[in-house]
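Keep in mind that the numbers below use all heavy atoms, side chains included, and drop hydrogens, waters and symmetry copies. A note on names: the letters A, B, ... follow the listed sequences, proteins ahead of strands, and every chain is numbered from 1.
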There are 2 protein chains.
Amino acid sequence: MAKNMEIQQPLRDEISLPKVLHALSDPVRMEIVLKIARAGQVACGAFDIPMPKSTLSHHFKVLRESGVVASRREGNVVINSVRFDDLEARFPGVIGAIIAAARWN
Amino acid sequence: MAKNMEIQQPLRDEISLPKVLHALSDPVRMEIVLKIARAGQVACGAFDIPMPKSTLSHHFKVLRESGVVASRREGNVVINSVRFDDLEARFPGVIGAIIAAARWN
DNA sequence: TTCGTAATTCGAAAATAATCGAACAACATT
DNA sequence: AATGTTGTTCGATTATTTTCGAATTACGAA
């Protein structure tokens with residue numbers, strides 16, 4: 001298999017609102033997003049969520065495929081960030097309001 | 001069984017963000033919400049969505065139980081409205097941004 | 001090349017959600 | 001009371017998601 005493959009994620013214009021909302025409707029994934037949003041850049045390994053890593057990896061996959069999170073490999077860790085610019089361009093106000101609301105509740 | 005029962009829906013403070021996002025993550029339900037939002041008040045029967053009424057009723061139930069939609073019986077129709085005030089109070093900006101985004105996409 | 005660490009993929013099982021016809025309930029009208 | 005209309009509930013089926021251990025990939029370092 002080819003090495004150094006780009007991690008698959010949708011282009012800005014391909015991001016779909018139902019998929020974004022579904023991705024964020026899971027409390028574990030929301031917690032992940034909050035932590036990434038707070039820190040800016042977080043490696044997958046930095047989450048001490050009590051859960052097998054295959055399950056956690058699944059949640060990252062959902063977040064990535066929905067366009068909420070961007071992941072890139074750096075050495076042998078995967079760094080995640082929230083795609084604020086793309087989300088804001090496509091769905092103005094949505095991601096900010098959701099994250100702000102989730103911080104309080 | 002008792003007659004004239006109130007239709008069950010969560011109090012403002014019981015509305016949960018994950019449930020709201022899940023409710024809105026379905027395209028059929030989003031379409032329902034858009035139509036209600038546009039018109040203010042819409043009876044269940046006013047939707048010409050090609051789908052059995054039991055399925056449609058299920059979607060209304062999800063919207064109601066998540067706190068997105070309020071339903072009240074008036075004569076023999078059920079009138080639906082979006083709970084803007086409650087949603088705005090609990091999750092400022094969320095419902096407005098999502099509906100605005102959904103209108104375009 | 002071998003080893004260790006980080007993370008994804010696979011495959012199967014369990015849990016949730018969506019779908020839909022048939023039966024039922026609430027209400028207005030006759 | 002009988003009938004028609006609107007919408008919900010029930011129960012069964014199918015579809016989608018979530019979960020998790022085992023195997024695998026990607027990469028850096030020894």
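Both B:G75 and A:V77 lie near DNA chain C, and the one whose nearest nucleotide falls closer to the 5' end is A:V77.
Residue A:K35 places its NZ atom among more than 12 non-hydrogen atoms of other residues, nucleotides or ligands, all under 6.0 Å distant.
The distance from atom SG of A:C44 to atom NE2 of A:H59, rounded to the nearest 0.5 Å, is 12.5 Å. To the nearest 0.5 Å, atoms CE (A:M30) and CG (B:L17) are separated by 5.0 Å.
In the set D:dG7, D:dT6, C:dT8, the nucleotide with an atom closest to the side chain of B:V78 is D:dG7.
Closest approach of A:V42 and A:I36 over heavy atoms only: CG2-CA, 3.7 Å. Residues A:A43 and A:N80 come closest through the heavy atom pair C-ND2, 3.9 Å.
Of the side-chain N and O atoms in A:R64, one or more sit less than 4.0 angstrom from OP1 or OP2 of C:dT8.
Comparing the end axes of the helix from C:dT1-D:dA30 to C:dT30-D:dA1, each fitted to five base pairs by superposing C1' atoms of four pairs onto the next four, gives an inter-axis angle of 20° (nearest 10 degrees).
Judged as a salt bridge (charged side-chain N to carboxylate O under 4.0 Å, His left out), and not counting sequence neighbours, B:D26 has no contacts.
Note on A:E74 versus A:R72: salt bridge recorded, some NZ/NE/NH1/NH2 to OD/OE distance being below 4.0 Å. One finds no salt bridge joining A:R12 and A:E14 here, because no Lys/Arg side-chain nitrogen approaches an Asp/Glu carboxylate oxygen to under 4.0 Å.
Distance, A:K53 NZ to D:dT24 P: 14 Å, rounded to whole Å.
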**Q.** Nucleotide-resolved protein contact map, nucleotides 15-20 of chain C, B/S/- at heavy-atom distance under 4.0 Å
**A.** --SSBB
